[in-house]
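Since the structure comes first, as structure tokens, the remarks are kept for the end.
Residue numbers begin at 1 in each chain, while the letters A, B, ... track the order of the sequences.
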Amino acid sequence: MTDPNKKTPVSSEARPDGSEPLLKVDGLVKHFPITKGVLKRKVGAVQAVDGLTFDVRPGETLGVVGESGCGKSTMGRLVTRLLEPTGGKVEFQGRDITHMSAGKLRPMRRDIQMIFQDPYGSLNPRHTVGGIVGTPFRLQGVKPEGGVKAEVQRLLELVGLNPEHYNRYPHEFSGGQRQRIGIARALALKPKLVVADEPVSALDVSIQAQVVNLLDDLQDELGLTYMIIAHDLSVIRHVSDRIAVMYLGKIVELADRTSLYEAPMHPYTTALMSAVPVPDPRRRGAKSDRILLKGDVPSPISPPSGCRFHTRCWKATQICKTTEPPLLQLKTGHQVACHHPENGEDQAPGDAPLVADVITVKSVGAGAPEPAAAAQAEKPVASEEPEESAESASVPDGKGAVAPSADAEDEPKK
Amino acid sequence: MSDAIKKDSPAADTVPAQRTGDDKEFLSVRNLSVHFDTDDGLVKSVDGVSFDLKAGQTLGIVGESGSGKSVTSLGIMGLHTSERARIGGEIWLDGEELIGAGPERVRALRGQKMAMIFQDPLSALHPYYSIGAQIVEAHRVHNKVDKKAAKKRAIEMLDRVGIPEPHRRYEDYPHQFSGGMRQRAMIAMALVNNPQLLIADEPTTALDVTVQAQILDLIRDLQKEFGSAVVMITHDLGVVAEIADNLLVMYAGRCIERGSAEKVFYEPQHPYTWGLLGSMPRIDREQTDRLIPVKGSPPSLINVPSGCAFHPRCPYADVPPDNITRTERPELQQVSDGHYSACHMSREQRDRIWTEEIAPKL
């Protein structure tokens with residue numbers, strides 16, 4: 001396994017208040033074995049999560065973004081111990097829960113709760129709302145003041161549902177209301193950490209905003225700590241204090257919200273953010289350069305060597321292919337795993353660029369390219385156009401040296 | 001039947017009638033209604049929707065789940081079975097009326113003159129046939145060409161939509177493609193006969209943002225190349241802002257606002273449109289503390305609220321006098337050139353609320 005935490009000066013000194021992190025994750029790894037034949041011989045592994053190091057501080061919201069298959073949900077399930085990690089360490093309030101047995105884990109469960117993505121699949125259709133929200137009390141043997149029913153009704157009211165709906169069944173509620181039931185259940189035992197896996201992605205836009213605001217209010221009221229996993233960068237920006245960007249089982253960037261959105265350092269983050277459609281028709285005509293990544297995310301069964309993003313990265317050089325960049329703190333509150341970060345000092349200046357120029361950047365909208373040019377741009381990488389190679393030849397290693405300036409960013413876009 | 005429905009919905013009268021093919025409208029939908037008889041009652045999925053679309057232009061249809069946007073598109077494609085659905089109104093495609101036309105005629109047009117991209121490519125592609133075979137079929141149904149020529153055409157299309165090694169991938173089955181590639185293959189299939197009308201029903205909803213950007217770009221390029229009219233159905237205002245020239249906002253089976261993208265985004269006239277804009281966290285703006293959601297949830301289409309269907313959720317339902325929002329259904333009225341809105345509030349009231357209360361908070 002890789003050991004990305006060696007050079008990462010994470011943990012206590014990075015925190016201004018010096019308080020203990022609520023959740024501490026160190027080199028977390030989860031590989032799902034792929035087996036073959038009757039003997040279930042192991043032939044490979046899906047490297048879903050491969051060496052994550054981060055912590056969650058009390059009272060904050062850590063957002064986790066990434067594309068499908070990057071391991072963000074697996075990570076959520078590992079820290080809640082719905083899955084057992086293959087390697088690494090998960091500490092909750094200073095206690096190692098990495099390989100804790102189910103029995104020992106049970107008392108801890110009330111402090112870590114989860115909100116699930118699908119409000120249809122996560123509620124038992126044969127139980128009433130009262131039963132669903134009251135179950136945590138029964139399982140944990142907790143007897144709330146005034147009885148379970150009164151407490152459940154208080155929770156329903158807290159999440160904006162009518163307490164008189166105690167005896168109704170999930171099918172009688174809309175998607176947004178069901179999500180609220182899931183939230184009420186997660187909050188029943190006054191957890192310290194709530195892990196929400198895509199809490200709003202299944203909801204309509206107008207309902208999404210209701211649930212986002214509700215999560216916000218509850219955090220203020222109850223002093224909750226959230227880990228919110230989502231693929232929607234706008235939602236993540238809205239809810240999070242700090243954000244981790246994942247790619248193929250690794251954290252590529254971990255930073256404060258403003259720092260990340262104003263000056264992303266990892267090329268993948270830059271590409272991801274430029275791909276978000278902006279609800280503003282006037283922006284179409286503007287010269288907003290969009291970075292179009294080529295192709296798809298590689299398979300986590302055999303991830304690329306070195307930096308896992310190098311196959312799609314326009315800044316990739318030889319070192320990216322061979323050496324995995326560690327997650328380093330390059331600015332206050334801003335960690336990134338990249339040899340050639342944007343908006344920051346180059347970590348491996350002067351390295352020869354990889355030959356294949358893997359991306360096309362073009363301005364979108366009014367001045368959109370000619371269809372013919374577009375057709376070429378859409379073609380696979382293999383057929384490298386002459387002008388493109390000429391261009392990469394003209395900037396052999398100077399590219400790396402001037403990386404911090406804005407020009408460097410523009411170079412491959414022409 | 002269509003007559004009966006027409007009487008119910010006089011909305012069509014407020015829309016300038018352009019129904020023949022001799023002006024520039026390529027697609028003209030007039031007072032379209034699609035009702036379904038169910039055990040629980042009549043579901044008015046689409047209830048009097050009208051719009052026009054010129055060749056080479058893109059119309060974005062926006063709405064939440066159950067607002068009738070997909071049902072509208074299936075109606076245009078003639079994909080509702082007549083036993084189940086009651087369809088009324090008129091659909092003019094390049095001067096030809098489709099609802100009155102026989103199923104054979106619509107079938108001849110479908111896939112040839114008009115084509116559709118579906119949301120979920122895995123269920124829209126047949127798992128048992130190779131990608132290539134499915135594209136070839138779409139081509140040969142409408143064109144008298146031999147297998148060899150059709151195969152050549154299919155490979156050409158796969159190449160055009162950016163599938164690497166199209167000769168090899170031609171033989172592959174849908175499960176061997178990734179999500180983005182499947183969507184590309186479906187676009188290839190839709191475009192194999194150079195349709196003049198392309199309907200894309202949530203084409204990127206199931207995809208990641210980086211892939212979404214690729215697909216939107218592809219649709220835009222192809223549209224430019226072939227000059228097709230595109231109907232883009234989505235719930236994501238970001239996507240329509242990227243691609244649509246005109247917008248149609250649907251709520252509870254009716255159009256509540258339509259106009260150019262510029263007008264709808266910058267001078268929205270309907271409280272529901274305000275709600276949609278306020279509900280979205282935006283990556284391009286300063287961070288706001290709170291989103292401004294629409295309260296409540298979308299209504300059931302069996303019991304559509306009386307009067308303005310949006311009134312139970314509308315914070316301004318009491319602004320117009322005499323309880324009119326609860327008793328009378330507002331019709332689409334022209335606000336400015338080509339911009340229509342269905343709201344009882346006066347223009348002045350709406351302008352004031354938008355500029356003073358809503359816009360500063362977005």
**Message:** Using heavy-atom distances under 4.5 Å, tell me whether A/N213 contacts chain B through its side chain, its backbone, both, or neither.
**Reply:**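 When you check distances to chain B, atoms from both the backbone and side chain of A/N213 fall under 4.5 Å.
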Between A/Q210 (side chain only) and B/G296 (backbone N and O only), is there a donor and an acceptor less than 3.5 Å apart? yes
inquiry  = Quick one: does any side-chain atom of B/D284 pair with a main-chain N or O of A/V278 as donor and acceptor, under 3.5 Å?
reply    =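 Such a contact is absent between B/D284 side chain and A/V278 backbone.
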Does A/D220, at its CG atom, have more than 12 non-hydrogen atoms belonging to other residues, nucleotides or ligands within less than 6.0 Å?
yes
Straight-line distance of [X] [atom1] to [Y] [atom2], nearest 0.5 Å:
X: B/T210; Y: A/L293; atom1: OG1; atom2: CG; value: 5.5 Å
X: A/L292; Y: B/Q214; atom1: CG; atom2: CD; value: 6.5 Å
X: A/H231; Y: B/L207; atom1: NE2; atom2: CG; value: 10.0 Å

Taken in chain and number order and not counting sequence neighbours, the residues that satisfy salt bridge (Lys or Arg N to Asp or Glu O under 4.0 Å) with A/R237 are none
Given side chains that start at C-beta, do those of A/P279 and B/M280 come closer than 4.5 Å, heavy atoms only?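 Yes, close enough: below the 4.5 Å cut-off.
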Is there any residue in residues 199-209 of chain A with a non-hydrogen atom under 4.5 Å from a non-hydrogen atom of chain B, and which ones are they?
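If one takes a 4.5 Å heavy-atom cut-off, the residues of residues 199-209 of chain A near chain B are A/D204, A/V205, A/S206, A/I207, A/A209.
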Handout entry: Contacts of residues 256-263 of chain A with chain B (heavy atom under 4.5 Å)
Key =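 Residues A/R257, A/Y261 are the ones that qualify, each having a heavy atom under 4.5 Å from chain B.
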Which of A/D232, A/V235, A/L233, A/I236 passes side-chain contact (heavy atoms from CB on, under 4.5 Å) with B/I283? It is A/L233
Chain A heavy atoms under 4.5 Å from [X]: which part of the residue, side chain, backbone, both or neither?
X: B/L247; value: neither
X: B/E64; value: both
X: B/Y272; value: neither

Contacts satisfying salt bridge (Lys or Arg N to Asp or Glu O under 4.0 Å) that involve residues 206-215 of chain B (not counting sequence neighbours) are none
What one should report as the nearest heavy-atom pair of A/P277 and B/V239 is CB-N, 3.8 Å
Of the listed B/A213, B/P293, B/S297, the one with the largest count of heavy-atom pairs under 4.5 Å with chain A is B/P293
Between B/Q212, B/H235, B/M181, B/E262, which has the largest tally of heavy atom pairs under 4.5 Å with chain A?
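Maximum pair count with chain A is reached by B/E262.
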Charged tip of A/R282 within 45° of B/F265 ring normal and under 6.0 Å
no
In terms of heavy-atom pairs under 4.5 Å with chain B, which of A/D280, A/V276, A/V239, A/L272 leads?
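So the answer, after comparing A/D280, A/V276, A/V239, A/L272, is A/D280.
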Among A/G160, A/G69, A/G175, A/S68, the residue with the most heavy-atom pairs under 4.5 Å to chain B is A/S68
